Amino acid sequence: MATFFRRGDSFAFCSAAETAATAGGGPCRRSPASTCLLHRLHQRRAGNRMESSSARSNTSERNHLDYARSASMDSAGPSLGARSGSILSRRSSRQGSRGSISLSREMGDSILSSMRHSLQSADQLLGDVDSSVLAQVIDSGDRELALENNADEEVENNLEHHKGGPLPDDTSMRIHGNNSQGTSVVAPVSLMETKDINGPTSSPIKVEVEPYKLSWMQDYASYLIHLAVFGFFGVFTRYGLQKLFGPGCLALTSDQSPLYLDLPSNMLGSFLMGWFGIIFKADIRQISDHLIVGITTGYMGSLTTFSGWNQKMVGLSSKGHWVYAVAGIVLGMFIVNESITVGAETGERLRGWILKCIREKSSIGSKCDWEHWRVDTKTKHHALLAVMVILLSFIWILSVVLAIMKVHRLADGAVLWLGCSVAPPGVWLRWYLARLNGGGIGIGKQRHLKWLPVGTLAANVLAAAIMAALAVTAKAVNTKQSTVVLNGIQLGFLGCLSTVSTFAAEVYTMRRSGQIARAFVYAAATFVLSFVLGILIYSVPVWVEHY
């Protein structure tokens, strides 16, 4: 069998033996004057395969570099660049011993974003992340999420790896100075393409545009102001829900049943945490990082209260209603867990509907531009800070004045305004304690239980113990004015110090990551410690003194 190949106006001929040899990769025995086109064809195909293999290798290497870089770049937008941290690095496998983990706040947002896009596929991502990371995702404050300060080392390794050539694609990285906690971070740089006089084949000129950054003192003060203002709103909402669903109105909740007074506020706060703490968190952070901390830690943390929940169950046990007390704990935990689950699921659907509407408007020529909402300039930062300072001053001064007047006359609303007067210190203390999450228990490198949210646990147990002490003090003194004052402190300071929304979100993330045992241990430890301390501080004196 022979094969003919056309070459221009002439034909090249290969014998059957030459065809078989060439197809098998062997050399063609024809002379150079009558080149075997089949051999050339196989050579070309072999070259294409080599190029394809090389391209796949380069693509694989590029993807590896992109992954290392994308972990340190914030996918949410350039407004987060000034505060993005460095990379998720794991030094040991999941099955092996736990190594140190450095997690940027934006990587925490990517974990929450995975829940937002698909709550089912999130299990795969969360299952590969240590629970010590999950302990820091929800209530991160303004700190970089790093269990050990190895971000600088990771940055240096990445830059050394890319030293031989430019980074792929059209993204560049730049090392910022220290942030408010003294941690060096890597931030993305906004890039702008300009026209080049050499024609379209020339490489675009990339111009760095750095968002305006507040000084560490301005940044810290801005967080405190946002937390206090949103904390006021949380106290107002919780007090209003108590009055609405309490014995004076709808009579659905009371101090004498497992449906305690703060159950509606805990349900609402947990539901909203599913929205703003999981689904919409990264989106709102594109506008302002201070805003999302104010909403989650300030408003929802103050809207919900663990200490009030625990005290109501302790009060039932002191009267001998142990069944009601246990039922209140179990039923309440089930309700808040379902509330945050429903919040995450409905938030995911709501966000999908919003994106669909935006895409439809864009298709008909109506562009939705959110750039002007971002607080990324000096003017916007200072304007927002001025508004929040005015709100804080007005509400705080008004609360103090009304509290003094109403407590003196024992008028209605005295507990509310006194609670608002002492609410900001409670929010600030809880925000500070949240920094302990993921740090573990121990000294130096000898730290254990890094998966345990120590800060949230400490805030809830501490608030429960202080509330029990104030409750027994109110019974011992037994005057109207002292009762109003102590109730105001319980409503404001202790109600804002403890939180159910963050607690429920941490349990939720542990369950979603497959760490069912850890979620159970964390929840049990919170309830057992708080309830036992409440019994010892409140119920025992009540039983002994027969209050």
Side-chain angles (χ1 to χ4, degrees), residues 73-85 104-117 119 122 136-145 187-188 211-214 219 222-231 233-234 237 268-304 340 343-358 368-377 380-381 383-385 387-388 391 427 431 434 499 501-502 505 508-509:
M73 304 279 295
D74 183 17
S75 60
S79 65
L80 306 181
R83 304 191 57 80
S84 78
S104 73
R105 180 171 43 196
E106 283 67 41
M107 181 56 72
D109 284 344
S110 71
I111 295 175
L112 299 179
S113 179
S114 71
M115 295 183 185
R116 177 185 63 197
H117 292 302
L119 295 179
Q136 306 173 72
V137 169
I138 301 297
D139 199 3
S140 58
D142 70 336
R143 71 210 187 294
E144 293 300 322
L145 304 180
Y212 175 76
K213 292 179 62 178
L214 297 173
D219 188 52
S222 183
Y223 276 110
L224 295 179
I225 293 170
H226 278 74
L227 288 168
V229 171
F230 281 96
F233 298 150
T237 308
L268 178 61
S270 299
F271 176 83
L272 294 178
M273 181 61 81
W275 277 25
F276 300 106
I278 295 176
I279 303 300
F280 293 102
K281 183 173 184 178
D283 298 314
I284 300 175
R285 184 166 269 165
Q286 292 188 55
I287 300 175
S288 172
D289 195 40
H290 303 96
L291 179 62
I292 191 59
V293 172
I295 293 175
T296 56
T297 306
Y299 178 72
M300 286 176 286
S302 301
L303 171 60
T304 60
I340 194 171
E345 292 174 352
T346 56
E348 182 185 18
R349 292 182 180 273
L350 177 61
R351 188 178 185 276
W353 178 79
I354 293 174
L355 292 178
K356 181 181 178 181
C357 293
I358 292 176
C368 297
D369 187 8
W370 299 95
E371 293 292 331
H372 63 280
W373 288 101
R374 293 179 179 175
V375 184
D376 55 358
T377 64
K380 291 181 179 180
H381 275 297
L384 179 61
L385 191 59
V387 171
M388 298 303 290
L391 280 175
V427 183
W431 179 63
T499 177
S501 58
T502 302
Y508 174 80
T509 52

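Please read these numbers as outputs of a predicted model, since none were measured by experiment.
- Under the 3.5 Å distance criterion, with hydrogens and angles disregarded, a donor-acceptor pair is assigned to the side chains of T237 and Y299.
- Expressed to the nearest 0.5 Å, how far CD1 of I278 lies from OG1 of T509 amounts to 7.5 Å.
- With contacts defined as side-chain heavy-atom distances shorter than 4.5 Å, the pair K380/W373 does not qualify.
- The aromatic rings of W275 and F271 sit tilted, their planes meeting at an angle between 30° and 60°.
- Expressed to the nearest 0.5 Å, how far CZ of F280 lies from OG1 of T296 amounts to 14.5 Å.
- Atom CD1 of I225 is separated from atom CG of L385 by 4.5 Å, given to the nearest 0.5 angstrom.
- When all heavy atoms are compared, the tightest approach of I292 to R285 is CG2-NE, 3.8 Å.
- Across every non-hydrogen atom of I279 and G347, the tightest pair is CG2-O, 3.4 Å.
- Here the CG atom belonging to D376 is positioned 11.0 Å from the CD1 atom belonging to I287, to the nearest 0.5 angstrom.
- Taking the six-membered ring where tryptophan is involved, the planes of H290 and Y223 are tilted, since the angle between them lies from 30° to 60°.
- At least one side-chain heavy atom of R351 sits less than 4.5 Å from a side-chain heavy atom of D283.
- In this structure, the separation between NE2 on H381 and CG on D219 is 8.5 Å, given to the nearest 0.5 Å.
- Considering L384, L291, L214 in turn, L384 is the only one that fulfils the side-chain contact (heavy atoms from CB on, under 4.5 Å) rule with V375.
- Here the side chain of S501 pairs a donor or acceptor atom with the backbone of M300 at under 3.5 angstrom.
- The distance from the CD1 atom of I354 to the CG atom of L350 is 4.0 Å, given to the nearest 0.5 Å.
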